[in-house]
Amino acid sequence: MGTAGTGTDETVGERRRLINVAYRLLGSLTEAEDAVQEAYARWYALPPSRQDEIVSPGAWLTTVTGRVCLDVLGSARARRERYVGAWLPDPLPDHAERGPGPGTDPADQMVLDESVAMAFLVVLESMTPAERVAFVLHDVFRYPFAEIAGILGRTPAACKQLAASARRRVRAARAPATAAAVRADVVRQVKEAWEAKDIAALVDLLDPAAVMTADGGGNAGAAPRPIEGGARIARYMAAIAHKAPGLELLERSVNGAPGLVARRCGAVLTVAAFEVAEGRVTRIWAVRNPEKLRPWIG
């Protein structure tokens, strides 16, 4: 896995991977960056002689980042309970759609794949901290259970059981696979119907049992509870369009999948992710908390 005394350059090169690990574990870019910064702070606090003894600084940093994330997850449930309204993971923009930049924002370092899909991250939120760490590190990043055991303070066999339990949760929540082109077409039709305030068209595009969840965090207006039912969601969306003249809807990639961004006077107000099954929208996750929309500015 490396040689002793590989030095600072190797540890700096680990940052992108660590950010990707931490975001999937925490669902928050800010918390992910803080966790990685803490891991680096602990590395640089080691005396040089101790650093030279560590065969793989990357593995050491991953272990420390995992432990920091585990601590954060342990306190997250209480913080989520104090959060105003529903809590959703931070939405991620596509690098190409953001245009050229220095690439220093954590969002610019994210690898967009199925493991950052909003539906997947929401399922991860339902897991215990230990399940989430075991599952993400093993199933997403292919870390052996022997290494995960060192992070969780459990046996490899126990970690394997945790990952298996998490895997069952993912399978139970997984929607039927829908081709990307179909999802993009459905989202485009939702955009057009929303712009036209066409309730009937929206109802046709929404599954009768669809659910819409909005995250305003107390910093932006949002439905305090999930809205259930395609007809209710359609009326709610039309009402928003009526109350917000000049609202501009843009088709954008959200966490690697077709989504919509709502802007007004150039300011991003909402980022919406969609789950589509059998040609209809089954879930909408609308993030409105401006603290979570910083990567979308610019």
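The basis for the numbers below is simple: all heavy atoms, side chains too, and nothing from hydrogens, waters or symmetry mates.
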Trainee: Is the backbone of Pro91 close enough, under 3.5 Å, to the side chain of Trp296 for a donor and an acceptor to pair up by distance?
Mentor: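 The answer is yes, because a donor-acceptor pair under 3.5 Å joins these two groups.
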Trainee: Is there a chain of hydrophobic side chains (I, L, V, M, F, W, Y, each step under 4.5 Å between heavy atoms) that links Leu247 to Val261?
Mentor: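 No; Val261 is not reachable from Leu247 via cluster members.
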Trainee: Just wondering, are more than 12 heavy atoms of other shown residues or ligands nearer than 6.0 Å to NZ in Lys160?
Mentor: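 Counting other residues, nucleotides and ligands, NZ of Lys160 stays at 12 neighbours or fewer.
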Trainee: Rounded to the nearest 0.5 Å, what separates atom NE2 in His242 from atom CD1 in Ile240?
Mentor: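 Taking NE2 in His242 and CD1 in Ile240, the distance rounds to 11.5 Å.
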Trainee: Would you say the side chain of Arg167 lies within less than 4.5 Å of the side chain of His138, judging by non-hydrogen atoms?
Mentor: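 In contact.
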Trainee: Taking the side chain as every heavy atom from C-beta outward, state whether Leu152 and Val133 have any pair of such atoms under 4.5 Å apart.
Mentor: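 With C-beta onward as the side chain, the pair touches.
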Trainee: For a 4.5 angstrom cut-off between non-hydrogen side-chain atoms, does Phe274 reach Leu260?
Mentor: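 Yes, at least one pair of side-chain atoms sits under 4.5 Å.
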Trainee: Are the charged groups of Glu195 and Lys191 less than 4.0 angstrom apart, N to O?
Mentor: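 Salt bridge present between Glu195 and Lys191.
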Trainee: Which pair of heavy atoms, one from Ala86 and one from Ala214, lies closest together, and at what distance?
Mentor: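 Shortest heavy-atom separation between Ala86 and Ala214 comes out as CB-O, 3.6 Å.
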Trainee: Is the CZ atom of Arg154 crowded by more than 12 outside heavy atoms at less than 6.0 Å?
Mentor: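 No, the 6.0 Å shell around CZ holds no more than 12 heavy atoms from other groups.
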Trainee: What's the spacing between Met237 CE and Trp194 CH2 if we round to 0.5 Å?
Mentor: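 One finds 4.5 Å between CE of Met237 and CH2 of Trp194.
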Trainee: If you define the side chain from C-beta out and look only at heavy atoms, does anything of Tyr236 sit under 4.5 Å from Met212?
Mentor: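 Yes, at least one pair of side-chain atoms sits under 4.5 Å.
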Trainee: Can you see which heavy atom on Ala146 is nearest to which on Pro156, and at what distance?
Mentor: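 Looks like CA-CG, 4.1 Å.
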Trainee: Could you give the distance from CD1 (Ile233) to CG (Leu205), rounded to the nearest 0.5 Å?
Mentor: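 Between atom CD1 of Ile233 and atom CG of Leu205 there are 12.0 Å.
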Trainee: Counting distance only, does the side-chain N/O of Asp215 pair as donor-acceptor with the main-chain N or O of Leu88 below 3.5 Å?
Mentor: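 Present.
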Trainee: I need the Leu121 CG to Ser126 OG distance, nearest 0.5 Å.
Mentor: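 Going from CG on Leu121 over to OG on Ser126, the span is 11.5 Å.
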Trainee: Would the distance check show the side chain of Tyr23 and the main-chain N or O of Glu31 forming a donor-acceptor pair, the cut-off being under 3.5 Å?
Mentor: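 Flag not set: sc Tyr23 to bb Glu31 has no pair under 3.5 Å.
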Trainee: If the threshold is 4.0 Å, N to carboxylate O, is there a salt bridge linking Arg188 and Glu251?
Mentor: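 A salt bridge is present here (some side-chain N lies under 4.0 Å from a carboxylate O).
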Trainee: Taking His95 for the side chain and Leu112 for the main chain, is one N or O donor matched with an acceptor at less than 3.5 Å?
Mentor: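 Not at all, since once roles are kept as given, no pair shorter than 3.5 Å links the two residues.
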Trainee: Going by the angle between their ring planes, with limits at 30° and 60°, are Tyr44 and Tyr40 parallel, tilted or perpendicular?
Mentor: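 The rings of Tyr44 and Tyr40 lie parallel, inter-plane angle below 30°.
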Trainee: Give me the atom names and distance for the closest heavy-atom approach of Leu29 to Asp90.
Mentor: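 Shortest heavy-atom contact: N-OD2, 2.9 Å.
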Trainee: Do the charged groups of Arg15 and Glu33 touch, with an N to O distance under 4.0 Å?
Mentor: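 Yes, charged N to carboxylate O under 4.0 Å.
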Trainee: For residues Tyr143 and Ile151, determine if any side-chain heavy atom of one lies less than 4.5 Å from a side-chain heavy atom of the other.
Mentor: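 Tyr143 does not reach Ile151 side chain to side chain.
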Trainee: To the closest 0.5 Å, what do you measure between CZ (Arg263) and CD1 (Ile297)?
Mentor: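 With rounding to 0.5 Å, CZ (Arg263) is 11.5 Å from CD1 (Ile297).
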Trainee: In the structure I gave you, are the side-chain heavy atoms of Trp87 and Lys292 within less than 4.5 Å of one another anywhere?
Mentor: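 Side-chain contact under 4.5 Å: yes.
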Trainee: Would you say the side-chain atoms of Arg50 pair up with the backbone N or O of Trp43, donor to acceptor, closer than 3.5 Å?
Mentor: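 Absent.
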Trainee: Side chains of Asn20 and Arg16: do they bring a donor and an acceptor to under 3.5 Å?
Mentor: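 There is no such pair (donor and acceptor under 3.5 Å, judged by atom type) between the side chains of Asn20 and Arg16.
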Trainee: Are side-chain N/O atoms of Thr178 and Arg183 paired as donor and acceptor at under 3.5 Å?
Mentor: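 Checked: Thr178/Arg183 side chains show no N/O donor-acceptor pair below 3.5 Å.
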Trainee: Within the distance-only criterion (no hydrogens, no angle test), does the side chain of Asp94 pair as donor or acceptor with the backbone N or O of Ser253 below 3.5 angstrom?
Mentor: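 Such a contact is absent between Asp94 side chain and Ser253 backbone.
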Trainee: Got a sec: does the CD of Glu114 have more than 12 other heavy atoms crowding it under 6.0 Å?
Mentor: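 No, not enclosed.
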Trainee: If two hydrophobic side chains count as joined below 4.5 Å and joins carry through other members, does Val187 share a cluster with Met118?
Mentor: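 In one cluster: no.
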Trainee: In the structure I gave you, are the side-chain heavy atoms of Arg79 and Ser75 within less than 4.5 Å of one another anywhere?
Mentor: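 With C-beta onward as the side chain, the pair touches.
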Trainee: Measure the shortest side-chain to side-chain distance between Arg42 and Val68 over non-hydrogen atoms and say whether it is less than 4.5 angstrom.
Mentor: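 The answer is yes; the side chains approach within 4.5 Å.
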Trainee: How close do Cys159 and Ala134 get, counting heavy atoms only, and between which atoms?
Mentor: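 Cys159 and Ala134 have their closest heavy atoms at O-CB, 3.7 Å.
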Trainee: Kindly give the heavy-atom pair with the smallest separation between Val276 and Thr282, and that separation in Å.
Mentor: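 Nearest pair, atom of Val276 first, then Thr282: N-OG1, 4.3 Å.
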Trainee: Determine whether a donor-acceptor pair (N or O, by modelled atom type, separation under 3.5 Å) exists between the side chain of Asp207 and the backbone of Val281.
Mentor: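 Checking the backbone N and O of Val281 against the side chain of Asp207, no donor-acceptor pair under 3.5 Å is found.
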Trainee: To the closest 0.5 Å, what do you measure between CD1 (Ile148) and OG1 (Thr62)?
Mentor: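 It is 11.0 Å, given to the nearest 0.5 Å.
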Trainee: What pair of heavy atoms forms the shortest contact from Asn289 to Gly217, and how long is it?
Mentor: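 In this case the closest contact between Asn289 and Gly217 is ND2-CA, 3.8 Å.
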Trainee: Could you tell me whether a side-chain N or O of Arg24 sits under 3.5 Å from a main-chain N or O of Phe141, the two making a donor and an acceptor?
Mentor: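 It does not hold such a pair.
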Trainee: Got a sec, which pairs hit salt bridge (Lys or Arg N to Asp or Glu O under 4.0 Å) with one end in residues 124-136, sequence neighbours left out?
Mentor: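 Non-adjacent pairs meeting salt bridge (Lys or Arg N to Asp or Glu O under 4.0 Å): Arg80-Glu125, Glu125-Arg132, Glu131-Arg169.
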Trainee: Are Thr270 and Arg288 close enough, and set up right, to give a side chain to side chain donor-acceptor pair (under 3.5 Å), and what steps lead you there?
Mentor: CA-CA 5 Å; Thr270 305; Arg288 304 203 70 239; 2.8 Å; yes
Trainee: With no hydrogens and no angle check, is any side-chain donor or acceptor of Ser165 less than 3.5 Å from a backbone partner on Leu162?
Mentor: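 Between the backbone of Leu162 and the side chain of Ser165 there is no qualifying donor-acceptor contact (under 3.5 Å).
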Trainee: Could you check Val64, Thr11, Thr65 and say which one makes a side chain to side chain contact (heavy atoms under 4.5 Å, CB included) with Leu18?
Mentor: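 So, applying the side chain to side chain contact (heavy atoms under 4.5 Å, CB included) to Leu18 and each of Val64, Thr11, Thr65, only Thr65 qualifies.
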Trainee: Applying side chain to side chain contact (heavy atoms under 4.5 Å, CB included) between Val254 and each of Val271, Leu92, Val287, report the one that passes.
Mentor: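 With Val254 as partner, Val271, Leu92, Val287 yield a single side chain to side chain contact (heavy atoms under 4.5 Å, CB included), made by Val271.
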